[in-house]
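Convention: sequence-line order gives letters A, B, ...; per-chain numbering from 1.
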There are 2 protein chains.
Amino acid sequence: MLPSQKFTAAFSAESETPRTLVENAYLALRQDIIEGKHAPGTRLRVEHLKDDYGVGAGTLREALSLLVSDALVVSEGQRGFWVSPISHADIEDITRTRLLLETEALCASIRNGNDDWEAGLVAAFHRLTKVEEKLNSTAQRMREWEDRNRGFHEALIAACDSRWLRYLIGILYRQSERYRRFALSSNVRRDIHAEHTELFEAAMQRDTKRATVALEKHIRATVDIICATPEEALQKPVRRSTRAMLAG
Amino acid sequence: MLPSQKFTAAFSAESETPRTLVENAYLALRQDIIEGKHAPGTRLRVEHLKDDYGVGAGTLREALSLLVSDALVVSEGQRGFWVSPISHADIEDITRTRLLLETEALCASIRNGNDDWEAGLVAAFHRLTKVEEKLNSTAQRMREWEDRNRGFHEALIAACDSRWLRYLIGILYRQSERYRRFALSSNVRRDIHAEHTELFEAAMQRDTKRATVALEKHIRATVDIICATPEEALQKPVRRSTRAMLAG
DNA sequence: GTCCGCTAGAATCTCGAGATTGGTGGAGAC
DNA sequence: GTCTCCACCAATCTCGAGATTCTAGCGGAC
């Protein structure tokens, strides 16, 4: 499934409209997991969820299978599905890996970027700026910010010629989104727009080193806030077997 | 699905036995795609395949969904599944990305590795050596070599503390396996065992730089052979829509 | 000769019911 | 009081049939 879905989300832009019920259920489930409506570590019972999402059991199972690939859901034969647990160690790991990949992609993008890339970046930054100027955090506006933030980060590395790099970065970005809500609910003062501006200007000036540093500071800032929150707050208790499975 | 499967293949070792029909079908399909029994770009019709693999249509669809995540299969809503096409540009991309990740993981592994890591590496190298000494290339022995080669490469980075890095490397490794058969069928002379030995000794001596160079040469050698073979030989014609989807 | 629209066929997508497996609670023995 | 065993219950896993969608081939019009 998720033909367009999967590969679009991965290798190019995520824009096509879902055509099948499986795609619908996949997108809805993914959104709910990222937003924390399904808490990390909780069970995902097919019998209950099929009613919530208005599809048959088989259809929902297929959607869950697709989420397993994204590592947002884990499953064990004959025992069912769970939302992937989260932890300090996990976000630390994700962040390090993200930095490795995104730094590389950003450098390639700066190296290869033509006028189209610059135009796309300017547009994405403008869209992001517009929404960041208004600081009220309605749920609707939050969702909008998420979209534009993703658009900005995609625009940054759009000129990277490695589709695989962009694909893997997409997976990690979605993982990071799960943690972001904790950072946003924190009361640590932080001028995200200033970080974005620095990143934008450095990229436009083709200053690889400055852009790299800005990206690292930007990504690090989020994870530092998350690691400042207690581990218990991150997720509800996890079943023993699942925890054991992921402990190694 | 593929709870153990997916995550085991990803984050730790791939050893658990499949428990459900979906897992069986997934593993069998994956093997057949990697070995080229299903040529790149060809269609995977559920109606036909369900008989070949002895499962129901729904079960096979679930297995295919899992393969979509591995990027070994692509799908498009209401139109079905295809084996992912392969190309010179793709293997080049995979190789560059692999090098970025594996180099990082190897350095981390050398940095962190304790006696257990060394022991595991010695054992894996020994197993690989035993099979490389006998150069007859039976299908059975080939399969054995594939397994031990994977074991050796996993042992190299086993002490890398980033699960995500190891997970992504696993995805890329399976992709590379699809191309290897072209390199093996080539008549270019190449002493793979010498490459492995160099890699092994450099790692054991904790010589990061030497190990990195050896790894790069090792991985590069394969892709160079593949890019020497004509593009047409790599795959059968691809459907227009699929090609268009992957062209961007 | 080229293009458009229609029709028939095939394949996908979806759903509900039955078979199989794993977890739980209580009774009984030591 | 603790451990083991067993039976019941819930949930997963699997399959086949029906509805929907896409593709291909053919005939006709320009």
Looking only at heavy atoms, the pair that brings A:Val83 and A:Pro40 closest together is CG1-CA, 3.7 Å

So which heavy atom on B:Leu60 is nearest to which on B:Val46, and how close? CD2-O, 3.8 Å

Check this for me, if you would: do B:Arg148 and B:Glu144 make a salt bridge, where the nitrogen-to-carboxylate-oxygen distance has to be below 4.0 angstrom?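 A salt bridge links B:Arg148 with B:Glu144.
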
Taking atom [atom2] of [N] as reference, at what distance in whole Å does atom [atom1] of [X] sit?
X	N	atom1	atom2	answer
B:Arg61	C:dC15	CZ	P	11 Å
A:Arg79	C:dT20	CZ	P	21 Å
A:Glu76	C:dG22	CD	P	10 Å
B:Asp51	D:dC15	CG	P	11 Å
B:Trp82	C:dT12	CH2	P	9 Å
A:Lys50	D:dT12	NZ	P	11 Å
A:Glu62	D:dC15	CD	P	14 Å
B:Leu21	D:dC15	CG	C1'	10 Å

Cation-pi geometry met for A:Arg166 and A:Tyr173 (6.0 Å, 45°):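 Ring-cation test returns no.
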
For B:His48 and B:Ala57, take the nucleotide of DNA chain C holding the closest heavy atom to each; which residue's nucleotide lies nearer the 5' end? B:His48

From D:dT14, C:dT12, C:dC15, pick the nucleotide closest to the side chain of B:Arg43? C:dT12

Which one, D:dC15, D:dC13, C:dC15, comes nearest to the side chain of A:Thr59? C:dC15

Would you say B:Arg45 places a side-chain N or O within less than 4.0 Å of OP1 or OP2 belonging to C:dT12?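 False: B:Arg45 side-chain N/O out of range (4.0 Å or more) of C:dT12 OP1/OP2.
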
So does A:Thr20 get a side-chain nitrogen or oxygen closer than 4.0 Å to the phosphate oxygens (OP1/OP2) of C:dT12?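 No.
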
Which of A:Thr229, A:Asp90, A:Thr95 passes side chain to side chain donor-acceptor pair (under 3.5 Å) with A:Tyr179? Answer is A:Asp90

Closest-nucleotide 5' rank along DNA chain D - winner of B:Gly54 and B:Glu47: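 Looking at DNA chain D, the more 5' nearest nucleotide goes with B:Gly54.
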
Report which part of the nucleic acid [X] touches: base, sugar-phosphate, or nothing (heavy-atom distance under 4.0 Å, all strands).
X	answer
B:Gln78	sugar-phosphate
B:Leu49	nothing
A:Leu60	nothing

